[in-house]
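Down below is the structure, laid out as structure tokens.
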Amino acid sequence: MIDDIVKVLISEQQLQQKVKELAKAITNDYQGKNLMLICVLKGGVMFATDLMKNITIPVKIDFMAISSYGMSTTTSGVVRILKDLEAEVAGKDLLIVEDIVDSGLTLKYLKEMLLSRKPNSLKVCTILDKPEGRQVEVKADYVGFNIPDKFVVGYGLDYAEKYRNLPFIGILKPEIYKNA
Ligand code: IMP
Ligand code: MG
């Protein structure tokens with residue numbers, strides 16, 4: 001698995017340090033609020049659990065699964081709900097937890113959908129942001145790292161369901177997905 005990685009872009013230690021900083025900011029900003037993390041499956045799962053462990057105010061979590069890339073590495077623009085939330089969002093302070101914002105299509109759709117359910121507030125936290133990939137205007141409120149427009153895997157992010165378990169963010173060898 002490790003042989004498929006050209007380069008470690010963000011180490012495990014850097015990720016853990018950043019998660020602590022983000023959790024601290026969220027803990028400060030959400031004092032006295034009704035915080036609920038919305039973990040976007042599957043990519044957001046490692047980040048969401050690490051983040052949650054480091055938040056020191058009461059926090060709830062729910063999960064949502066939406067389709068994005070399928071087996072390709074470029075965005076389709078088609079967003080589909082595979083699993084909806086179980087919790088009521090009315091009156092809650094929602095914080096979407098994403099692995100990465102690239103074109104922004106997934107996030108824009110998700111934000112509009114959640115806003116229509118009338119939460120008390122809605123913000124976004126992503127561990128990675130690829131600003132160069134943006135096709136629609138959408139911003140995350142908390143960003144871990146801005147990264148170049150390269151396909152990355154690890155820390156929840158996959159290529160064809162593989163590499164999610166790597167504890168760091170790595171750049172995948174282009175021949176891996178070009179030959180697919
Ligand atoms: P967007 O709709 O183009 O912003 O894409 C968001 C989703 O695409 C993310 O939640 C990821 O699942 C996936 N994605 C975007 N860039 C990468 C990448 O470099 N590696 C793995 N998945 C990615
Ligand atoms: Mg994915």
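Start at 1 and go down the list; that is how both ligands and their atoms are numbered. Treat the numbers as computed from the prediction; the structure is a model and nothing was measured.
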Quick check: does any side chain N or O of Asp62 sit under 3.5 Å from a backbone N or O of Ile38, one acting as donor and the other as acceptor?
-> no
With heavy atoms only and a cut-off of under 4.0 Å, state how [X] meets ligand 1: side chain, backbone, both or neither.
X	answer
Lys150	backbone
Asp158	backbone
Asp102	both

Heavy-atom check, side chain of Asp129 versus side chain of Ile147, under 4.5 Å = no
Heavy-atom side-chain proximity of Met1 to Asn165 below 4.5 angstrom | yes
Below 4.0 Å from any atom of ligand 1, is there a heavy atom belonging to [X]?
X	value
Gly43	no
Lys108	no
Leu107	no

Ionic contact status for Lys173 with Asp4, cut-off 4.0 Å | no
Taking only heavy atoms of [X] into account, list the atoms of ligand 1 that are under 4.0 Å away from them.
X	value
Gly104	1 (P), 3 (O), 4 (O)
Asp99	9 (C), 10 (O), 11 (C), 12 (O)
Thr106	1 (P), 2 (O), 5 (O), 6 (C)
Ser103	1 (P), 2 (O), 3 (O), 4 (O)

So is there a nitrogen or oxygen of Phe151 less than 3.5 Å from a nitrogen or oxygen in ligand 1?
-> no
Please indicate whether any nitrogen or oxygen in Val152 is less than 3.5 Å from any nitrogen or oxygen in ligand 1.
-> yes
Decide whether Val143 and Val97 are clustered together by the hydrophobic rule: side chain heavy atoms of Ile, Leu, Val, Met, Phe, Trp, Tyr closer than 4.5 Å, transitively.
-> no
Does Leu82 share a hydrophobic cluster with Tyr109, counting links as ILVMFWY side-chain heavy atoms below 4.5 Å and allowing steps through other members?
-> no
Taking the six-membered ring for Trp, are Tyr30 and Tyr142 parallel (under 30°), tilted (30 to 60°) or perpendicular (over 60°)?
-> tilted
Pick from Leu37, Asn34, Leu35: which one makes a side chain to side chain contact (heavy atoms under 4.5 Å, CB included) with Lys60?
-> Asn34
